[in-house]
Every structure is written in structure tokens, then in C-alpha cells.
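Accompanying notes for the structure given below.
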Amino acid sequence: MPETLPQYINREDRRLQRIVNFMRENLAQPLTLEMLAAEAGISRFYLLRIFRQAYGEPPLRRLTRLRMEQAKLMLRSNGESITTIAALW
């Protein structure tokens, strides 16, 4: 499910939305800051600045949190073992 931008961020800047969606679609992939910046068409330094301003955390911390949320969901719904889920990431 797409994540909406915080209200105080300029709605015209869809790059942040694209990055979060990209992270959600590629949770099992080894993503780097460079890959995320390339997806948005911006430098990694600018990505760090605007992402932290918008979400209060750097992109890779958000990626880890998204992975943890997905792992919790898998534990609850599928009954997968922790070892199996950990092997995904």
C-alpha cells in the first residue's frame, strides 16, 4: 500500500513517494542509498536531506523498519519461522 507524504512536505515532490514505494516493492533486495537516489533521479546527499526532513529518519532506517513490519506480518499471518523470514533479508 502506498505511503502518503507528511502534510508539511511539498506535494509536488513525488520523488519521496517513489522512493518509499520502491523500497516496499523491493524489500528482499539489497538496496543501497545510491540505488534509492538513482530511482528518484537525485544525489544521495540531497536524498538524505529531504528524506530526513520529510520522515524524520534516513532512508535506510526506514527500509529496515519496513522490512521489520513485513516480517511481523509474515509471523502473524503465515506462521513462518523466524529463521525462514530472516533468510529473506
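Quick caveat: nothing in here was measured; it's all calculated off a predicted structure. Excluded from the calculations below are hydrogen atoms, water molecules and symmetry mates; all remaining heavy atoms, backbone and side chain alike, are included.
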*Which residue pairs pass the ring pair (Phe, Tyr, Trp, His ring centres under 6.0 Å) test with at least one member in residues 20-54, sequence neighbours excluded?*
F51-Y55
Report the distance from atom [atom1] of [X] to atom [atom2] of [Y], rounding to the nearest 0.5 Å.
| X | Y | atom1 | atom2 | result |
| --- | --- | --- | --- | --- |
| L48 | L33 | CG | CG | 4.5 Å |
| L47 | R52 | CG | CZ | 11.0 Å |
| K72 | I85 | NZ | CD1 | 12.0 Å |
| E25 | L31 | CD | CG | 11.0 Å |
| L36 | N26 | CG | CG | 9.0 Å |
| R76 | L73 | CZ | CG | 7.5 Å |

*Below 4.0 angstrom, N of the basic side chain to O of the carboxylate: do R65 and E57 qualify?*
yes
Do the side chains of [Y] and [X] get nearer than 4.5 Å, heavy atoms only?
| X | Y | value |
| --- | --- | --- |
| L60 | L63 | yes |
| M23 | V20 | yes |
| Q70 | R24 | no |

*asked:* Taking side-chain hydrogen bond (donor to acceptor under 3.5 Å, both in side chains) as the definition, give me every residue that meets it alongside S81, ordered by chain and number, with sequence neighbours left out.
replied: T84
*Could you tell me whether the side chain of R15 and the main chain of A40 form a donor-acceptor pair under 3.5 Å?*
no
*Quick one: does R18's side chain have a donor or acceptor within less than 3.5 Å of a partner on E39's backbone?*
yes
*asked:* Would R62 and L66 count as a side chain to side chain contact (heavy atoms under 4.5 Å, CB included) here? Give the steps.
replied: CA-CA 6 Å; R62 170 63 61 112; L66 292 172; 4.1 Å; yes
